[in-house]
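Beneath this line is the structure, given in structure tokens, with notes to follow.
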Amino acid sequence: QHYKSITFIEYMEEVECTVDLTTQAVVAACSSDYTQVKQAESLILKLELKPGFHPILAEMSVGSNVPGDARRMAAICLKNGVTKFWRSMSPNALCKEDKDRIKEVILGCHAEEKKEVFDQLIEVVGKISRYDFPKNWPNFIPTLLQVIESAPTEEHKVRALTMIYKVVKMLSTKRLSADKKGFRETTDAIFPLIGALWENYLRMFNSQPTLTYLQPCCISLKIIRSMLTYGFEDISVNLPKSCLEAILKMSVSQLEHRLTITDQPVCQLYDKYLLVIIKALINIQEKFPDFFGQYIVGSLEFAYKVGFQYAELLEMRLVARALHLLSGIMLCETYDVFKLNNRGKHVSSLSIKFTDDRNSFFTEERLKDMCVKCISKYLKLSEFELQNWQESPEEFAFEETRHVSLFNIKAASEHFLLNMTATFQDIVCPYIVELIKECTQHDRSNLETVLMIDSIYSITVTCSYDLFDHIDIDVWFATLVEELVQETPYCSILRRRILEVIGRWVTIKLSQDKHPAVYEVCLQYMASSQDLVVRLTAATALKAAVSDFAFYPPSYSPYLEVTMQLLYSLLREVEECESRIKILEVVNSIIDGCGKQIVDFVDPLVGWLPGLWGVATEHSMLQSQLLTTARKLSRCLGPMSVKLYGFTDPVLKYVLTQDPEMILLEDGIGLWLQLLENAPCSTPSFVQMFEWLYPLLQLEVRTRTSIGLCITLP
């Protein structure tokens with residue numbers, strides 16, 4: 001009852017900002033009553049323009065006599081206010097007195113125990129520091145460092161460290177020269193202190209492995225990583241070597257210590273801690289490769305242990321990052337005398353030493369071991385993927401072509417293998433060829449064996465250009481065709497991968513006289529009797545074959561009719577828009593490759609276009625692909641483009657007059673232009689389209705140019 005209704009304030013023209021009124025508004029904003037919330041929002045919008053409002057919000061956020069939900073709401077309103085009004089050039093900018101009061105209050109938020117409130121407050125700290133630290137808020141970090149030294153509990157220290165990390169992270173993202181210089185000065189001032197904190201907490205954690213010490217240890221290391229990456233102009237001069245040496249020296253022992261811990265929450269945070277170490281090493285290697293060179297051996301040993309030796313006991317995102325570190329060192333030209341010589345760069349004695357250190361680690365035995373482990377552990381189809389194949393075949397068929405995160409283990413292992421075959425081609429490529437030859441002796445009725453073969457074949461897709469001189473694809477193609485016809489319990493898995501291999505190599509090295517056999521194989525496995533994933537993969541392989549620069553249209557003439565029939569059948573059966581887009585891309589490639597030869601086989605597709613447009617109302621990418629297909633068809637049909645008018649007239653009316661976002665406008669104008677060029681005579685619909693020109697001429701230059709082309713046509 002203390003916070004009474006604010007309904008009577010809603011319609012007041014002038015309001016005075018007081019503590020009671022602000023508290024009422026914030027509490028009402030947390031109400032479950034929609035009317036109260038809307039009234040509170042209106043009042044807050046009036047109050048935020050008044051002097052003193054934001055300092056009151058800051059005091060509410062850290063006040064103990066305000067309900068928890070209201071304190072969180074106050075922190076959110078304060079965060080929004082800082083974003084809108086903190087900069088001096090902003091309309092209704094905060095006065096200096098309000099800013100000073102907010103900074104004074106917010107410095108005490110390390111005592112906040114409610115996580116949801118503290119999370120909002122550190123966002124406020126980050127935003128203020130971006131504008132004011134260090135010039136207008138010089139006491140921020142010294143005050144927090146004092147808190148860390150004298151705080152009554154470890155929780156206070158952790159929150160103070162979190163506030164410092166938020167500020168350091170925010171400052172490290174600024175890119176103006178003055179801001180970079182300021183961050184370097186801040187780094188010089190606090191780096192030794194944060195480094196000492198990290199080492200101290202690490203010692204305490206090693207003696208007593210609990211979250212109490214691991215959490216501040218992890219946050220300290222995050223701060224160190226940001227400062228190592230962005231806080232030094234020349235790390236070899238400014239950075240105390242003892243810090244990086246300590247990180248590397250302790251990393252292996254910390255990894256071994258991690259394996260002895262069984263407490264699950266500690267293990268999860270420990271994996272994050274190790275991840276920060278690897279990220280720090282990656283950042284330093286990328287930014288300061290010369291300086292990092294002296295630590296190559298230790299870094300490689302650590303990454304190898306994480307990525308291969310102990311991988312089964314660690315999180316996969318940690319393993320993925322370890323593979324990225326190995327790849328980065330492997331590719332860096334500073335550690336490769338051969339690359340330096342090829343590019344005409346100076347080869348120093350240090351580069352020779354770094355190259356020797358790198359090559360002494362990547363021995364033939366170790367390279368083969370890493371290759372086998374990537375194949376057997378990381379590239380194999382998982383149970384989840386096989387289940388997804390059964391439940392959502394269309395989603396699975398194109399999953400591997402989508403963008404994936406750097407933390408994805410399959411993408412990381414493919415990237416690692418690609419770099420390994422490129423860097424150590426003389427060792428790795430012959431070994432991969434041996435593995436391929438061994439596949440012919442394996443039993444295809446066993447699932448694990450089939451998955452292993454699938455992984456080996458996948459390497460030939462990923463590393464095809466490096467394997468160019470090592471695989472006789474003409475000979476292997478005959479073997480692959482024999483494998484395709486084998487009927488086994490898991491033949492669909494291998495058929496999908498073999499078709500992917502064929503689609504990749506047909507554009508690289510396969511002899512021209514083998515191309516008709518490729519067409520026949522692809523068409524055979526696009527039949528409706530095959531697994532849907534296999535059919536979609538076969539269609540993608542066919543697209544690669546007809547898109548090849550050596551494609552000879554007359555050689556494909558005998559297959560045109562059956563091709564179009566199979567593609568029409570696929571279009572009818574698939575349900576996902578992405579699948580339809582991929583199939584239409586195959587159709588477009590065939591139209592481009594075969595030209596006017598396609599004319600006799602397009603009637604079914606023309607009949608299907610209106611139906612496809614009907615299901616694409618909420619999918620602009622599919623609509624764009626349909627417009628592209630119609631334009632290509634019109635180019636091939638010439639004067640017979642009148643067949644398309646039943647589809648194009650209503651579609652162009654929608655695109656040119658009703659499309660609210662106009663994202664299809666350029667594709668639509670391109671189709672209109674093509675139809676005009678091929679029209680045997682004018683039609684009422686074409687005449688009407690010219691009435692829509694004037695509004696379109698107000699648009700961007702590129703669109704006006706396209707419209708101009710239409711206008712100049714007779």
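Side-chain polar atoms of Q674 and S634 form no donor-acceptor pair below 3.5 angstrom. Between the side chains of R495 and T537, no donor-acceptor pair of N or O atoms lies under 3.5 Å. Side-chain atoms of E520 and Y559 form a donor-acceptor pair, as typed in the model, at a separation below 3.5 Å. Between E573 and S569, the side chains place a donor N or O and an acceptor N or O closer than 3.5 Å (distance only, hydrogens not considered). Judged by distance alone, the side chains of Y654 and Q623 never bring a donor and an acceptor atom under 3.5 Å apart. T488 and R444 are not linked by any side-chain donor-acceptor pair at a separation below 3.5 angstrom, with hydrogens and angles left out of the test.
The side-chain contact (heavy atoms from CB on, under 4.5 Å) test with L612 singles out one residue from R572, R580, Q625, and that residue is R580. Exactly one of E383, Q390, E391 qualifies for a side-chain hydrogen bond (donor to acceptor under 3.5 Å, both in side chains) with Q387. That residue is E391. Here the options are L331, L325, L326, the test is side-chain contact (heavy atoms from CB on, under 4.5 Å), and the partner is I329; only L325 passes.
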Show the numbers, then the answer: is there a side chain to side chain contact (heavy atoms under 4.5 Å, CB included) between I409 and L323? CA-CA 9 Å; I409 186 60; L323 295 181; 4.0 Å; yes

Before giving the answer on salt bridge (charged side-chain N to carboxylate O under 4.0 Å, His left out), spell out for E500 and R497 the whole-Å C-alpha distance, their side-chain angles and the decisive distance to 0.1 Å. CA-CA 5 Å; E500 187 179 358; R497 187 66 71 185; 2.8 Å; yes

Stepwise side chain to side chain contact (heavy atoms under 4.5 Å, CB included) test for W476 and V501: CA-CA 11 Å; W476 192 33; V501 171; 3.7 Å; yes

E448/K380 under side chain to side chain contact (heavy atoms under 4.5 Å, CB included): CA gap, chis, key distance, verdict: CA-CA 9 Å; E448 286 300 315; K380 282 174 63 176; 2.5 Å; yes

Test side chain to side chain contact (heavy atoms under 4.5 Å, CB included) on K373 and S413 and set out the steps. CA-CA 10 Å; K373 286 181 177 176; S413 57; over 6 Å; no

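Using a 4.5 Å heavy-atom threshold, the side chains of V655 and D667 count as separate. Two residues are said to be in side-chain contact when any heavy atoms from C-beta on lie closer than 4.5 Å; I591 and V602 fail this criterion. Side-chain contact between D600 and L560: absent, with no pair of heavy atoms (C-beta onward) separated by less than 4.5 Å. By the 4.5 Å heavy-atom criterion applied to side chains, H470 and I432 are not counted as neighbours.
Around the CD atom of E434, the shell of radius 6.0 Å holds more than 12 heavy atoms that belong to other residues, nucleotides or ligands. Around the CG atom of D426, the shell of radius 6.0 Å holds no more than 12 heavy atoms that belong to other residues, nucleotides or ligands. Counting non-hydrogen atoms of other residues, nucleotides and ligands closer than 6.0 Å to NZ of K509 gives a total above 12. Remark: K437 NZ is loosely packed, at most 12 non-hydrogen atoms of other residues, nucleotides or ligands lying under 6.0 Å away.
The structure places CD1 of I282 at 6.5 Å from CD1 of I278, a figure rounded to the nearest 0.5 Å. Atom NZ of K514 sits about 15.0 Å away from atom CH2 of W505, to the nearest 0.5 Å. From Y519, atom OH reaches atom CG of L542 across 8.5 Å, with rounding to the nearest 0.5 Å. Between the CG atom of L664 and the CD1 atom of I669 there is a distance of 11.0 Å, given to the nearest 0.5 Å. Between the CD atom in E395 and the CD atom in E578 there is a gap of 8.5 Å [rounded to 0.5 Å].
W613 and F647 have perpendicular rings, their planes meeting at more than 60° on a 0 to 90° scale where under 30° would count as parallel.
Counting all heavy atoms, side chain and backbone alike, L484 lies closest to Y525 at O-OH, 3.0 Å. What you find for Q524 and Q530 is that their closest heavy atoms are O-CG, 4.1 Å.
Aromatic pair Y431/F424: centroids not less than 6.0 angstrom apart.
Ion pairing between D592 and R635 holds under the 4.0 Å rule for side-chain N and carboxylate O.
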